[in-house]
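One structure is given below, encoded as structure tokens.
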Amino acid sequence: MKLAAVVVVLAFVLASPLAAAPSPGWQKFDITSTGSYLWRYVPQSLDTAHPAPLVVFLHGAGGAPENYKNLVSGAAEKAGCLVAMPKSASNVGWGTGADEQTVAETSRLVQEELPVDEHRIAIAGHSAGGAYAYLLAYAGSRYSAVFTLSAPFYLVSSLADPSYKPPIRMYYGTTDPNYSGSAYSDLKAQWNRLGVAWEEDIEEGWGHNSWPKSSMANGFLFLTDKSRLDAGSTCVPTATILCLNRGRFRVQVHWDANGSSGEGMVVPGASADSGLFWFFSPENWELMVKVLDGCALNQRYWVFAAATTNVHYVLMVTDTATGGVARYENPAGKPAAATTDTGAFPTCP
């Protein structure tokens, strides 16, 4: 190439503006390969310069992704995650036409546009969308966790990838037929049989198509707390990480008070099953945490905690064998209540 041509090309590159980051909010995209479409949401506060978690949300039968935009945007803001909602091929539910390809294309198209944390791509869904999420999560996919609302029973006879079992959070209102019938109990029995970690959110008086805003937000927080990097790893103790119960459980705490915040610091000398954290001074211990093996009694690992503080903190306990996370939060200004969670991790042995 002649020098003059090089100069022209260089001048064109220098004059070209950098690609602008996508604007916050909703944007619709066509999925040309399947004739479908998706809605993508970028939270207002998201730093698009760094990889973000992605939640793929599947609508219920007879619905469409646009019906859920106002229902998930607040949860996405709180969890700090991208959301992508594709449209199924049929109004009767998921699993017809090119639905599986549509969902796969949904993740791909978002990743082409934005940096996505590939270890935190989770799947969620309402009703029939939740049942289809179970199918996709255990068919050998790379999803990190599952959140369902009012899902009917879906049979999962085996796991395509037993090396990683995406943990599940299930929401039900007590007036939902899927709760009062056998779907809820059958799903719990299924996950226990397969060794899949699960947790539940049961809300009194709510129905199949309704839920408190907090249930959606907590479901999204559950999803973004999970990472495929957690599974199969062992806990590595640091100044802010406590490793308990044969090193299987990683314990961390984040606090904030009076405009300051930080990570809880581990007090040296922890035992095999319990340890302490300090927040403000090494001489001022704030929180004791235990993770106990209750498998012989109720097929669960237990989490006990006691704090002498009224500051806001979030305690996270991660089962490094499954990636499951138990989350406990104390509101600002409230004396911390004791935690005695004897059902924290249904992941024995």
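The model shown is predicted, which means the values in this text are computed figures rather than measured ones.
Within the 3.5 Å criterion, the main-chain N or O of S271 finds no donor-acceptor partner in the side chain of S274. A donor-acceptor pair under 3.5 Å links the side-chain atoms of S185 to the main chain of S182, judged by distance alone. Put simply, the side chain of Y68 gets close to the backbone of G60: a donor and an acceptor are under 3.5 Å apart. Judged by distance alone, the side chain of H126 and the main-chain N or O of T148 form no donor-acceptor pair under 3.5 Å. Judged purely by atom type and a 3.5 angstrom limit, K165 has no side-chain atom pairing as donor or acceptor with the backbone of L159. Judged purely by atom type and a 3.5 angstrom limit, D99 has no side-chain atom pairing as donor or acceptor with the backbone of S88. Side-chain N or O atoms of S36 include one that pairs as donor or acceptor with a backbone N or O of K87 at under 3.5 Å.
Side-chain contact between E286 and F280: present, with at least one pair of heavy atoms (C-beta onward) separated by less than 4.5 Å. Side-chain atoms of V156 and V196, non-hydrogen and from C-beta on, never get closer than 4.5 Å to each other. Residues R248 and F345 fail the side-chain proximity criterion, which asks for heavy atoms closer than 4.5 Å. Residues T320 and F249 have side chains not in contact (no heavy-atom distance under 4.5 Å, counting atoms from C-beta outward). Here the side chains of F29 and V110 are not in contact, with every heavy-atom distance at 4.5 Å or above. Within the 4.5 Å cutoff, no side-chain heavy atoms of S23 are placed close to those of V42. Contact check for E100 versus L136: side-chain heavy atoms found under the 4.5 Å cut-off. Using a 4.5 Å cut-off on side-chain heavy atoms (C-beta onward), D225 and M316 make contact.
Here Y184 and Y172 bring their ring centres to under 6.0 angstrom of each other. Between Y179 and W206, the ring center distance fails the sub-6.0 Å criterion.
T106 OG1 to Q111 CD: the interatomic distance, rounded to the nearest 0.5 Å, is 11.0 Å. Atom CH2 of W302 and atom OG1 of T342 lie 6.0 Å apart (nearest 0.5 Å). Here the OH atom belonging to Y143 is positioned 13.0 Å from the OH atom belonging to Y138, to the nearest 0.5 angstrom.
Aromatic ring pairs are classed by plane angle as parallel below 30°, tilted from 30° to 60° and perpendicular above 60°; the pair W211 and Y171 is perpendicular.
When the side chains of ILVMFWY residues are joined at heavy-atom separations under 4.5 Å, either directly or via intervening members, M288 and V267 end up in a single hydrophobic cluster.
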Inset, instruction - Apply side-chain hydrogen bond (donor to acceptor under 3.5 Å, both in side chains) to W255 and N330, showing your working. - result: CA-CA 9 Å; W255 61 268; N330 185 67; over 6 Å; no

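A cation-pi arrangement is present between K28 and Y37, with the terminal nitrogen or guanidinium carbon under 6.0 Å from the aromatic centre and inside a 45° cone about the axis.
Test V55, V56, D117, L46 against L82 for side-chain contact (heavy atoms from CB on, under 4.5 Å) and you get one pass: L46.
One finds no salt bridge joining K69 and E66 here, because no Lys/Arg side-chain nitrogen approaches an Asp/Glu carboxylate oxygen to under 4.0 Å.
In plain terms, the two heavy atoms of D293 and N245 that are nearest each other are N-ND2, 3.4 Å.
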